[in-house]
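Take a look at the structure below.
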Amino acid sequence: MYVANTSYGCGPWAVPWIHAQITNGGAVASGIEAAYKAMIRKHKTDAEFPNIIVMAGDGGSADIGLQALSAAFYRGHNILFIAYDNESYANTGIQTSPTTPYGAWTTFSPAGPVIPEGKKLMPKDLPKMMAHGHPELKYLATASLAYPLDLMNKVRRGLNAQGPSFLYVHAPCPKGWSFPADKTVEMGKLAVETGMFQLYELNEGQYKLTYQPKEIKPVEEYIKLQGRFSHLQPEHIQKLQQFANGRLKEVGIEVSVPAQ
Ligand SMILES: Cc1ncc(C[n+]2csc(CCOP(=O)(O)OP(=O)(O)O)c2C)c(N)n1
């Protein structure tokens with residue numbers, strides 16, 4: 001979101017923004033929050049306390065940026081940390097990250113005779129990691145660009161929460177996943193309808209689904225539209241189906257693996 005939006009020497013934001021390292025988005029936001037608080041308390045500024053929002057990729061949140069994110073939440077800074085998940089280190093040319101799904105092709109997880117499925121590891125579940133063990137956490141939700149009103153409402157709730165808030169946004173990437181750009185919203189919806197991504201809010205320690213598909217579709221309907229999964233064999237697809245079923249079960253939806 002940084003490089004693509006600011007190439008070169010300009011940017012699209014109508015409000016102030018600052019570049020952070022991929023390692024330290026949480027720490028940079030903490031510093032801005034602390035500076036505003038101190039300056040307001042000491043009457044060094046007439047400014048109102050602003051909304052402070054981090055926009056981090058999955059690398060900058062689930063992987064290299066995780067330490068700074070967790071520390072900012074532990075200290076209780078009044079910030080909204082948004083992780084937008086395109087399921088790879090994208091800007092550098094599509095390398096695997098902890099949120100890249102099992103079986104996905106990336107340049108660091110190519111499919112070949114030795115490792116036919118490409119990526120062997122199952123993904124890290126960052127929102128559930130953030131949901132536990134951060135006592136100051138005020139608000140947590142997942143969202144998707146395919147459900148924009150829901151997304152905007154969750155941003156507002158996170159900003160209203162007066163403390164560390166975390167929003168995890170599923171953001172399908174046509175280039176990295178290899179599908180036509182005009183299918184981006186469809187891909188976002190299919191992720192939710194197949195259980196590859198779940199929309200929820202954390203409500204007093206319980207996951208509350210904010211959108212529940214009427215019928216859960218087989219994951220194959222989602223992955224068959226993406227070039228990054230085109231090498232998968234039926235046994236790999238079965239593993240992805242079990243993964244989706246497991247994630248759904250964690251948020252309260254019981255699904256049996258649909259027959260192949
Ligand atoms: C400390 C450090 N290591 C590596 C890089 C190189 N780098 C630039 S952008 C990028 C990918 C970021 O991935 P992600 O955070 O998922 O965001 P995306 O590009 O997918 O939006 C990397 C690794 C860097 N800028 N800084």
Side-chain angles (χ1 to χ4, degrees), residues 1-13 17-32 52-73 79-110 118-130 140-146 148 151 154-155 158 164-181 183-185 187-188 191 196-197 222-223 226-229:
M1 189 159 295
Y2 168 60
V3 177
N5 273 318
T6 62
S7 301
Y8 291 93
C10 58
W13 295 286
W17 67 276
I18 186 171
H19 172 246
Q21 290 190 14
I22 192 174
T23 54
N24 70 359
V28 169
S30 299
I32 293 167
I52 300 171
I53 303 176
V54 181
M55 293 292 301
D58 41 285
S61 51
D63 203 18
I64 328 182
L66 179 58
Q67 184 218 344
L69 161 59
S70 177
F73 275 49
I79 61 173
L80 171 62
F81 194 109
I82 301 179
Y84 64 94
D85 183 12
N86 58 17
E87 299 181 348
S88 82
Y89 281 92
N91 178 59
T92 32
I94 322 300
Q95 288 83 35
T96 185
S97 87
T99 68
T100 303
Y102 165 84
W105 172 95
T106 68
T107 59
F108 280 3
S109 59
K119 180 167 174 176
K120 284 172 77 98
L121 297 172
M122 288 290 167
K124 190 187 270 188
D125 194 345
L126 181 62
K128 296 214 191 78
M129 288 174 69
M130 294 307 298
L140 181 138
T142 63
S144 163
L145 57 68
L151 167 57
K154 286 168 174 171
V155 169
S165 303
F166 185 69
L167 186 58
Y168 191 79
V169 182
H170 195 237
C173 175
K175 180 169 185 217
W177 306 4
S178 187
F179 66 80
K183 297 264 187 274
T184 306
V185 172
M187 216 56 76
M196 288 293 286
F197 193 80
Y222 172 65
I223 63 174
Q226 302 172 38
R228 65 174 173 163
F229 294 119

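Both counts, for ligands and for their atoms, begin at 1 and track the order of listing. Atoms considered below: every heavy atom in the structure, side chains included; atoms not considered: hydrogens, waters and symmetry mates.
Here is the list of ligand 1 atoms found below 4.0 Å of a heavy atom in Ser88: 16 (O), 20 (O). For ligand 1, the atoms closer than 4.0 angstrom to any heavy atom of Gly60 are 15 (O).
Close N/O approach between Asn86 and ligand 1 is found [any backbone or side-chain N/O within under 3.5 Å]. Residue-to-ligand polar distances place Asn91 within reach of ligand 1: an N/O pair is separated by less than 3.5 Å. Here's the thing with Asp58: one of its N/O atoms is less than 3.5 angstrom from an N/O atom of ligand 1. Here's the thing with Ile64: none of its N/O atoms is less than 3.5 angstrom from an N/O atom of ligand 1.
When non-hydrogen atoms are compared, ligand 1 lies under 4.0 Å from the side chain of Ile22 (C-beta onward) but not from its backbone. When heavy-atom distances to ligand 1 are checked against a 4.0 Å cut-off, Tyr2 has no atom that comes that close, whether in backbone or side chain. Contact annotation: for Ser61 versus ligand 1, there are no heavy atoms closer than 4.0 Å.
Donor-acceptor pairing under 3.5 Å is recorded for the side chains of Thr107 and Gln95. Under 3.5 Å, the side chains of Ser97 and Asp63 contain no donor-acceptor pair of N or O atoms.
The protein reaches atom 2 (C) of ligand 1 closely, with a heavy atom under 4.0 angstrom from it. For atom 10 (C) of ligand 1, the nearest protein heavy atom lies under 4.0 Å away.
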